[in-house]
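Below is one structure, written out as structure tokens; the observations come after it.
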There are 4 protein chains.
Amino acid sequence: MAVLEAAARILETRGLEALTTNAAAERAGVSIGSLYQYFPSKQALVAELARRQQAGLLAALERELQSRPPRSLADGVRRLARIAAQAQLERAALARALDQAEANQPADAELERTNRRIGALVADVLRQFAPTAAPVEVATRDVFAIVRGMTDAAGRAGEDDPAGLAARVTRAVLGLLGP
Amino acid sequence: MAVLEAAARILETRGLEALTTNAAAERAGVSIGSLYQYFPSKQALVAELARRQQAGLLAALERELQSRPPRSLADGVRRLARIAAQAQLERAALARALDQAEANQPADAELERTNRRIGALVADVLRQFAPTAAPVEVATRDVFAIVRGMTDAAGRAGEDDPAGLAARVTRAVLGLLGP
Amino acid sequence: MAVLEAAARILETRGLEALTTNAAAERAGVSIGSLYQYFPSKQALVAELARRQQAGLLAALERELQSRPPRSLADGVRRLARIAAQAQLERAALARALDQAEANQPADAELERTNRRIGALVADVLRQFAPTAAPVEVATRDVFAIVRGMTDAAGRAGEDDPAGLAARVTRAVLGLLGP
Amino acid sequence: MAVLEAAARILETRGLEALTTNAAAERAGVSIGSLYQYFPSKQALVAELARRQQAGLLAALERELQSRPPRSLADGVRRLARIAAQAQLERAALARALDQAEANQPADAELERTNRRIGALVADVLRQFAPTAAPVEVATRDVFAIVRGMTDAAGRAGEDDPAGLAARVTRAVLGLLGP
DNA sequence: GATGAATGAGAGTTCATTCAT
DNA sequence: GATGAATGAACTCTCATTCAT
């Protein structure tokens, strides 16, 4: 969908504040009326963008875990971190803008579900290998916070090496969960 | 300054979107004209708010380090993390709103300087104890990302125990830097 | 015509503001393109709706008068009032919405003609029995105003007894005309 | 207030549909921002217009009744009808547009109150002289419907003689209530 | 004929900022 | 200095209408 790609590019190049419905429509070479035929509101447009982003992440994570079940906590975390870092750095500015948008607007139901599935997937790995003192929900939340925080910062700083980033994220997460 | 406190309270209770110059002036019991005599623009007002927040953090960090120089990396990180967690959880919603605002507006020079001083202070501790493989700037950025990411998430989730949070942050940071 | 009935139902249940061409087409199970093949504009659609409504009223009035010519002013007014009250209360919300629409859009020629025939029919009864001081056109206009005003108000208030309403309308009209 | 008078004139000359906030502001020689400083919404603007109109009517009715209490039903109705006819014919198109607006938007509280006081005033006169079979509320509603219906129609037809109109309204109302 | 994606003028509303008093 | 009425560009969203298929 041209509108989605246009919106993504605006988010990417000029940030959340620059994303207006008119700008998205114009950039997509489409009238504002058409935009509203595809998306009932600006929120819906942004939510769909976020949902696709997260759906891509979820698919990548599932693919990784199904290809080869993690043999240890370190193995699992390392591989999940690599996927997440890759996803975030691919279109770093876009990913950050979407993170911000998610924090601002009440979660779309579909997006919510996708996010919960990602959370469950991570929680599963944690539960399997790391009988942490802290409840799994807290640990999962912390893991997400670390991944998101570090990848956002890396993206903002212009880093573009997912492998190096993933390695650092892995160390931090293992430290958090660690022995 | 009444205007700053008013703006802070709006940010805290109703978020970045609700902070309008008129709302801040009214809440401060001051005319909008006066607000613009103190601050040349809304950006400047928000930047000043962020600067004070960071100045407070900087002062607290300096006080901690000067009271007793860190004996080890673990000792240093643990104490810095506690300060940072405390600062962020004290007025969690405000801190998050400011983080978000900072991400959106081009950095104010004064604020930039304050942030750099905090960075330098942390970098000093790292340099002293952790001859990391990664350059110190990257390590510092990562440490900040972890602290900010985890405390924001904790704040959003309603956590209010700085000690527990600080302990988890410490584990993650030491993991990142660690052997 | 499915479109007309769909438009009528929207008018009835959700009022003039909710009647959009797209809504009418969708409700009729017809494409918006087809709607515009039947009716050149929204105005034309609404006018046709109003015309049918009035045509129904006209037919009922004619049937009543032809079945048994009025024996007196009171008899004539009473019977006409009953017909009018019945027509208006049958689909009260629809009738009111149409009244409102008529007031807003420049009169359609066909609708105008139908309305004039109703006027002539009433004027005939008046002329026959009531040599009023006022010119017949004024009297006719007043009679319509009373009937429409009272039935609209009754409909809005949720009345649904045409007989009682007709009795009151009759008293008012006879008072207007009477000695 | 310039905005109110501008809005009134638009209503008067071009009807409810032509009244847009931009049009009202422009005609008042005021920016759209200023309009919204006086009135928080278009609804509020229209409601205030209606409220003033009705407040004027209420004041006139009270003045009339207090100057000389009605001696009979006929006397009371005649005098109230004259006031109402005068008020409606003074700015007939405006009055009609406001009637229509009132029917479309949920009643403003203040306006509601004014209308209730007018209703109570009329109901008092009815109660005093006309122990009707019908409940007073129905009678009051009918009286209003007759007055409004006849005056609207008269205004639309270009009548401008309040005395003649009032005489006809009086006959109709007395017929309704009559012996 | 029928379809429905596309159009775009225009609606109501917000808010950072200015400037005469 | 302080005030706050005034500004207007910009925003989200609607809907009657068109026209290529």
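To find a chain, count down the sequence lines: A is the first, B the second, and so on, and within it residues start at 1.
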Completion exercise
Heavy-atom nearest nucleotide on DNA chain E taken for P40(D) and for P40(B); more 5' hit belongs to P40(D)
Practice task
Tell me yes or no: between the side chains of Q88(A) and D152(A), is some donor less than 3.5 Å from an acceptor?
Solution key: yes
Completion exercise
One should read off an interatomic distance between I10(C) CD1 and L49(C) CG, to the nearest 0.5 angstrom, of 10.5 Å
Handout entry: From dT12(F), dT17(E), dT17(F), nucleotide with atom closest to K42(B) side chain
Key = dT17(E)
Practice task
Please report, rounded to the nearest Å, how far the P atom of dT3(F) is from the CG atom of N22(B).
Solution key: 14 Å
Fill in the blank from the handout: Residue pair Y38(B)/V30(D) against DNA chain F: nearer the 5' end by closest nucleotide is Y38(B)
Practice task
Could you tell me whether the phosphate oxygens of dA2(E), OP1 or OP2, come under 4.0 Å of any side-chain nitrogen or oxygen in Q37(C)?
Solution key: yes
Completion exercise
Taken to the nearest whole Å, CG/L45(D) to P/dT13(E) is 10 Å
Practice task
Would you indicate whether the side-chain heavy atoms of F144(A) and I118(A) approach each other to under 4.5 Å?
Solution key: yes
Handout entry: Spacing of E17(D) atom CD relative to dG12(E) atom C1', expressed in whole Å
Key = 16 Å
Practice task
Go through dG1(F), dT13(E), dG12(E) for me and flag the one nearest to the T20(D) side chain.
Solution key: dG12(E)
Practice task
Take atom OH of Y36(D) and atom P of dA9(F), then tell me their distance rounded to the nearest Å.
Solution key: 17 Å
Fill in the blank from the handout: Across every strand shown, the nucleotide meeting Watson-Crick or G-U wobble geometry with dT21(E) (both distances under 3.5 Å) is dA2(F)
Practice task
Supply the atom-to-atom distance Q54(C) CD to R52(C) CZ, rounded to the nearest 0.5 angstrom.
Solution key: 14.0 Å
Practice task
Would you kindly give the CZ-to-P distance between R27(C) and dC15(F), to the nearest whole Å?
Solution key: 16 Å
Fill in the blank from the handout: Judged by nearest nucleotide, the residue sitting upstream toward the 5' end of DNA chain F, T21(C) or A18(A), is A18(A)
Handout entry: N/O (side chain, S31(B)) to phosphate O (OP1/OP2, dG4(F)) under 4.0 Å
Key = no
Practice task
Provide the Watson-Crick or G-U wobble partner of dA16(E), both distances under 3.5 Å; none if there is no partner.
Solution key: dT7(F)
Problem - Between P of dC15(F) and CD of Q43(C), the distance in whole Å - result: 17 Å
Exercise for the section: Give the rounded distance in Å between these two atoms: CG of L35(D) and P of dA5(F). Expected result: 15 Å
Problem - Distance in angstrom units between L16(B) CG and dC15(E) P, rounded - result: 12 Å
Exercise for the section: Hey, which sits more toward the 5' end of DNA chain E by its nearest nucleotide, L19(B) or G33(C)? Expected result: G33(C)
Exercise for the section: Scan F39(C) against the nucleic acid and name what it touches under 4.0 Å (heavy atoms): base, sugar-phosphate only, or nothing. Expected result: nothing
Exercise for the section: Would you please confirm or rule out a distance under 4.0 Å between OP1 or OP2 of dT7(E) and any side-chain N or O of S34(A)? Expected result: yes
Handout entry: Verdict with reasoning, Y36(C) to T21(C), per side-chain contact (heavy atoms from CB on, under 4.5 Å)
Key = CA-CA 9 Å; Y36(C) 273 86; T21(C) 51; 3.5 Å; yes
